[in-house]
Each structure stands twice: as C-alpha cells, then as structure tokens.
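Some notes on the structure that comes next.
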There are 2 protein chains.
Amino acid sequence: MERSVSGVAVLDKSVRILEVLADGRRRNLAELVADTGLPRATCHRLLHALQAHGLTHLGGDDRWELGDRLGELAGSIGGPGLAAVASGPLHRLVEETGESAQLYVARGGQRVCVIAVESPQSLRTIVPVGAVLPLDRGSAGQILSGRPAALRRGWAESVEEREKGVASVSAPVRRDGAVVAAVSVSGPVERTSRQPGRRYAAVVVAAASAIEAALETATTR
Amino acid sequence: MERSVSGVAVLDKSVRILEVLADGRRRNLAELVADTGLPRATCHRLLHALQAHGLTHLGGDDRWELGDRLGELAGSIGGPGLAAVASGPLHRLVEETGESAQLYVARGGQRVCVIAVESPQSLRTIVPVGAVLPLDRGSAGQILSGRPAALRRGWAESVEEREKGVASVSAPVRRDGAVVAAVSVSGPVERTSRQPGRRYAAVVVAAASAIEAALETATTR
DNA sequence: TCTCGCCATCCCGTAGAGTGGGATAGGCTT
DNA sequence: AAGCCTATCCCACTCTACGGGATGGCGAGA
C-alpha cells in the first residue's frame with residue numbers, strides 16, 4: 001500500500017477518483033482504473049460508494065461523472081444561498097453608482113467571481129462569472145486576503161492594479177465574524193477618479209451590510 | 001459499528017462531516033462531535049484528513065468549515081470553465097434579443113441558474129445566480145429533464161408555465177453527447193409573444209452552439 | 001495563585017473493514 | 001463459434017482505522 005497523503009487511505013483513494021473526474025471528461029470503469037491507478041475491484045467499489053452519497057454519478061451510457069451532491073455541498077461555501085441574497089443588493093449598487101458590480105469569494109488562494117452585474121454604460125468593466133483572479137491585486141483581493149489595513153477601514157480601493165484604466169472599491173461581507181465574500185464596484189478611471197473610495201465606499205459598504213443582514217435572516221430561519 | 005450507507009464506512013463518516021458543515025455554520029471540534037455523533041478521536045482524525053485534501057478548512061478561530069477544493073471540484077461539474085466560456089455568448093444573446101438570458105444546469109432533480117445576464121429594459125425577468133427552479137416547469141426544465149420532444153426539436157418554449165406573464169425559450173448545451181446545461185432567454189409575454197420560439201429559437205440555439213464550440217476548444221487543449 | 005473544567009491532540013493494541021486477484025457473466029465484434 | 005473486453009462479485013487475508021483514555025494547554029473563577 002503506497003504512502004497515505006492524509007493518513008486515511010480510503011479517503012485518499014476516493015478523492016483521487018473525484019480529482020480525475022474533475023477534468024470534466026466522463027469515463028467508463030476501465031478508463032477510470034487506468035487514470036486513477038487503482039485496482040479495478042477497488043475503483044468499482046469506491047465509485048459505487050461515492051455514488052451512494054451523490055458525489056459521483058453513473059450515466060446511462062455507463063460513464064462516470066461528478067455527482068450533483070458535490071455541487072450542493074459546494075454551494076453552501078460562504079453559507080447557503082449567498083448568491084441568491086446578494087443579487088438584489090448588487091443590482092441596486094449598479095443603479096446607484098452606474099458602474100459594474102461583482103461579488104467574489106476566496107477559493108484556493110485566489111478569488112472567484114460568483115455574481116456579476118454590469119453597468120448599462122457602453123464603457124464598462126466586464127468580469128464574467130466564474131472568472132478566477134489573483135488575491136494580490138485589486139481591491140477585492142485586499143479584502144479577501146485579509147489585509148489588516150483594508151479590514152480596519154472597512155473597505156479597500158485600487159487604481160490600475162489589476163488592469164490598466166480600471167479602478168475599484170470593495171467591502172467585506174462577514175458571516176459569524178469571518179469574511180466570506182467581497183462586494184466590489186469597478187469602472188474606468190475616467191469616471192471613478194483616482195480616489196474611487198471617496199466616491200463609492202459608503203454605498204459599497206452599505207451593499208455589503210445589506211447582504212450580511214439578508215444572510216443573518218436566512219440563518220435564523 | 002452501525003450499518004454502512006454506502007458499504008465504505010470511512011466514506012460514510014467523512015461525508016457525514018461534510019453534510020453537517022454544509023449548513024454553513026462553522027463549528028469547533030466539540031460541536032462537530034456533537035452534531036455528527038462520531039467519537040472525538042475519529043472526528044478529529046477525519047477532519048484533518050479531509051483538510052489535507054482541501055475539503056475542510058480549520059480557521060484561525062479553531063472552527064471548521066467546508067474547504068475551497070470542494071468548490072473547485074464542483075466548479076467542474078458540466079466540465080471545467082463552463083461558466084467562463086458561456087458568459088460571452090449569453091451577453092451577445094441579450095444584445096441580439098433585448099431579453100434576459102440565463103444558463104441552467106441540472107442538479108439534484110432541479111435546475112440551478114449559474115449565469116444570469118439581464119435585459120437593459122426596465123421591464124425584464126430577473127433570475128438571480130444560485131436560484132433553484134423546478135424541472136417540471138419552464139422551457140429550461142423541459143431541456144434538462146430530457147423531454148424527448150424538446151431534444152428532438154432542439155429547443156423548447158414555455159408561456160406562463162413557471163411565472164405569470166413570463167415566456168421563455170431554451171436550447172441544450174451538449175458535451176460528449178450529453179446535455180450539460182440549458183441556455184435560456186426569457187421576458188414578458190407582451191414582448192416575446194405567445195410563440196416565443198418563433199422569435200428566438202434560432203439565436204438561442206446559435207448561442208448554445210457557440211458555447212459547445214468553446215467547450216470543445218477548451219477540452220482539446 | 002491555585003483549582004477546575006473544557007478544549008484539542010496523540011497513542012497504540014486490536015477488531016474487522018477494506019483490499020484486490022481471480023472467477024464469472026454478459027455483450028459485442030470478427 | 002471464438003475471442004476479447006467489459007462490469008460485477010466473491011472471500012481469504014492483510015493491515016487500516018478505530019476510539020478510550022492519557023496528556024497538555026488554556027481560560028475562568030474562587
């Protein structure tokens with residue numbers, strides 16, 4: 001038995017199966033045996049055990065893929081329904097500021113855009129949902145990497161840090177005291193000015209507070 | 001040892017921990033022991049093993065939460081980068097039709113909105129990202145539930161099925177022959193008419209094809 | 001300062017869970 | 001009919017995972 005990564009060999013093998021399937025390619029049992037390096041009986045047994053929990057799924061074409069329950073579990077990262085309760089406040093933020101707004105969560109040492117509402121103006125920043133951005137650039141990165149100065153002030157701003165001509169302001173969304181997301185407004189420097197915080201911090205922080213209030217209501221239900 | 005759900009007891013216990021954490025409440029070890037019913041040493045050992053795989057995370061405040069890797073794994077359901085490659089075609093769809101567009105994936109017998117691009121018109125349908133909708137109503141539900149007539153025709157339409165005054169058209173996004181998502185355009189009946197398919201089916205199907213082409217390019221890299 | 005209670009971590013002997021080679025059955029192709 | 005490849009299942013056996021109890025740390029209260 002090769003050395004265990006985590007100290008629990010069954011978990012190591014199970015996660016190896018999930019990680020192989022995470023490239024999106026659906027595979028039959030033989031392909032999975034080849035790609036995971038597991039003996040066929042072991043792979044078979046673990047696949048069906050994972051399926052019992054909804055983490056894998058065997059399609060009608062005898063090919064395996066990741067299961068829906070995985071998405072359901074992951075959907076609760078940042079708390080259940082974060083995306084659902086954040087949508088309204090983000091739309092109002094766009095109406096108030098005229099600029100695009102996004103919601104980011106930290107994930108694997110980077111940040112991921114989970115909601116994007118674009119400015120109606122023809123010159124606007126576009127960040128697609130699902131976009132993965134660094135933590136070391138941009139105002140949302142300052143928030144999600146826990147930079148003390150930004151958290152103390154309650155918001156962060158950046159000017160042309162991640163992209164030329166773009167400025168942004170972000171504020172933390174907290175749940176149980178921990179930062180679970182960052183609300184962000186971004187636009188061209190020509191409109192935001194080189195002190196975007198002065199212009200937008202108050203409404204960005206207010207949007208973050210509205211999301212926190214909605215999360216609290218959801219939690220106490 | 002109580003009866004195993006899946007036949008692999010380690011997996012059963014590990015998933016039990018993840019499911020307890022999926023309510024979004026962060027917990028210390030003692031709370032997790034109480035909520036999972038596992039002996040403390042077992043719970044401790046499995047939590048750290050899950051953390052080694054990124055599936056759980058121990059915060060600085062000694063409280064456990066679901067880990068980022070879970071989201072990364074789940075993000076590849078429907079194939080890696082689905083959200084990223086679909087954003088562009090959906091925006092163009094909104095520009096062409098003037099109506100709101102969404103991308104849905106099937107998940108746990110329902111459908112979940114993973115991208116939403118809203119119409120610039122003041123009267124528009126709003127579906128927040130993360131919204132969970134039924135499969136038995138709406139054009140996207142017809143696509144994702146595999147209704148033969150809809151798949152044969154290549155698109156589906158619905159008029160006031162899910163919501164009064166709203167009509168929609170959807171088309172399947174396929175990957176390796178399987179339907180992985182549905183592209184949808186929706187708006188008020190006053191504008192879409194009671195035959196929204198006649199008006200929009202061609203461009204919705206074209207948007208779905210563009211997403212499929214982008215996914216194929218991503219896969220062969 | 002001392003005591004107590006509660007926390008997380010670690011140890012390690014052992015029971016039985018999980019292993020995986022090989023047998024089996026089914027389906028498809030030649 | 002034969003050959004090949006698939007998934008499933010069996011079960012003897014190995015060694016993994018178990019979990020009670022010991023330990024140390026920390027904070028609160030007397």
Side-chain angles (χ1 to χ4, degrees), chain A residues 1-21 23 25-67 69-70 176-178, chain B residues 1-21 23 25-67 69-70 176-178:
Chain A
M1 165 82 67
E2 71 187 68
R3 187 161 175 172
S4 176
V5 168
S6 67
V8 181
V10 170
L11 210 53
D12 294 350
K13 295 189 186 93
S14 302
V15 170
R16 192 190 306 179
I17 293 173
L18 295 179
E19 286 180 343
V20 161
L21 287 171
D23 72 358
R25 271 181 58 212
R26 302 170 77 253
R27 296 167 168 85
N28 67 8
L29 177 65
E31 289 167 324
L32 273 165
V33 165
D35 290 344
T36 60
L38 295 169
R40 190 169 60 265
T42 304
C43 196
H44 179 270
R45 186 165 41 79
L46 291 177
L47 275 166
H48 283 269
L50 286 162
Q51 180 172 236
H53 289 290
L55 302 181
T56 54
H57 176 69
L58 181 59
D61 58 348
D62 258 16
R63 295 211 279 169
W64 291 92
E65 61 193 346
L66 291 178
R69 188 74 187 112
L70 201 59
D176 298 326
Chain B
M1 165 81 67
E2 70 186 67
R3 178 115 171 233
S4 176
V5 168
S6 67
V8 181
V10 170
L11 216 49
D12 294 350
K13 296 189 186 92
S14 303
V15 170
R16 194 190 304 179
I17 292 172
L18 295 179
E19 286 179 343
V20 161
L21 288 170
D23 71 358
R25 270 181 58 212
R26 302 170 78 251
R27 294 168 170 82
N28 67 7
L29 178 64
E31 289 167 323
L32 274 165
V33 164
D35 290 344
T36 59
L38 295 169
R40 190 170 61 265
T42 303
C43 197
H44 180 269
R45 189 167 40 78
L46 291 178
L47 275 166
H48 283 270
L50 285 162
Q51 181 173 235
H53 289 293
L55 301 181
T56 53
H57 175 67
L58 181 59
D61 57 349
D62 257 16
R63 295 210 282 167
W64 291 93
E65 61 194 345
L66 290 178
R69 189 74 187 114
L70 202 59
D176 299 324

Encode nucleotides 24-30 of chain C as B, S and - characters from 5' to 3', where the letter depends on protein heavy atoms closer than 4.0 Å: B to the base, S only to sugar-phosphate, - to neither.
-> -------

To the nearest 10 degrees, the angle between the two end axes of the helix from C/dT1-D/dA30 to C/dT30-D/dA1 (five pairs per end) comes to 40°

Contacts satisfying salt bridge (Lys or Arg N to Asp or Glu O under 4.0 Å) that involve residues 32-57 of chain B (not counting sequence neighbours) are B/Arg27-B/Asp35

In whole angstrom, give the distance that lies between atom [atom1] of [X] and atom [atom2] of [N].
| X | N | atom1 | atom2 | answer |
| --- | --- | --- | --- | --- |
| B/Arg63 | C/dC7 | CZ | P | 14 Å |
| A/Leu32 | D/dT8 | CG | C1' | 16 Å |
| B/Leu46 | D/dT16 | CG | P | 16 Å |
| B/Arg27 | C/dC7 | CZ | C1' | 18 Å |
| A/Arg45 | C/dG20 | CZ | P | 8 Å |

Is the closest side-chain heavy-atom distance between A/Leu66 and A/Leu18 below 4.5 Å?
-> yes

Examine C/dG20: is either OP1 or OP2 under 4.0 Å from a nitrogen or oxygen in the side chain of A/Thr42? Give yes or no.
->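 Yes.
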
OP1 or OP2 of D/dC18 less than 4.0 angstrom from a side-chain nitrogen or oxygen of B/Lys13, does that happen here?
->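 B/Lys13 to D/dC18 OP1/OP2: side-chain N or O found under 4.0 Å.
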
With sequence neighbours excluded, tell me which residues meet side-chain hydrogen bond (donor to acceptor under 3.5 Å, both in side chains) with A/His53.
-> B/Asp12

Atom pairs under 3.5 Å: protein N/O with N/O of nucleotides 8-10 of chain C:
residue : atom : partner : partner atom : Å
C/dA8   : OP1  : B/Leu29 : N            : 2.7
C/dA8   : OP1  : B/Ala30 : N            : 3.4
C/dA8   : OP2  : B/Ala30 : N            : 3.2
C/dT9   : OP2  : B/His44 : NE2          : 2.4
C/dT9   : OP2  : B/His48 : NE2          : 3.3
C/dT9   : O5'  : B/His44 : NE2          : 3.0

Checking the side chain of [X] only, and the main-chain atoms of [Y] only, is there a donor and an acceptor separated by less than 3.5 Å?
| X | Y | value |
| --- | --- | --- |
| B/Arg16 | B/Thr36 | yes |
| B/Thr56 | B/Leu47 | yes |
| A/Glu65 | A/Leu58 | no |

How would you list, by chain and number, every residue that makes a side-chain contact (heavy atoms from CB on, under 4.5 Å) with B/Val10, sequence neighbours excluded?
-> A/Val8, A/Val10, B/Ser14, B/Leu46

Look up atom CG in A/Leu29 and atom SG in A/Cys43, then write down how far apart they are to the nearest 0.5 Å.
-> 5.5 Å

Of all heavy-atom pairs linking B/Ala49 and A/Ser6, the shortest is O-CB, 3.4 Å

Non-neighbouring partners of A/His44 that pass ring pair (Phe, Tyr, Trp, His ring centres under 6.0 Å), sequence neighbours left out = A/His48

Salt bridge (Lys or Arg N to Asp or Glu O under 4.0 Å) against A/Glu19, all qualifying residues, sequence neighbours excluded |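 Checked A/Glu19 against salt bridge (Lys or Arg N to Asp or Glu O under 4.0 Å); matches are B/Arg69.
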
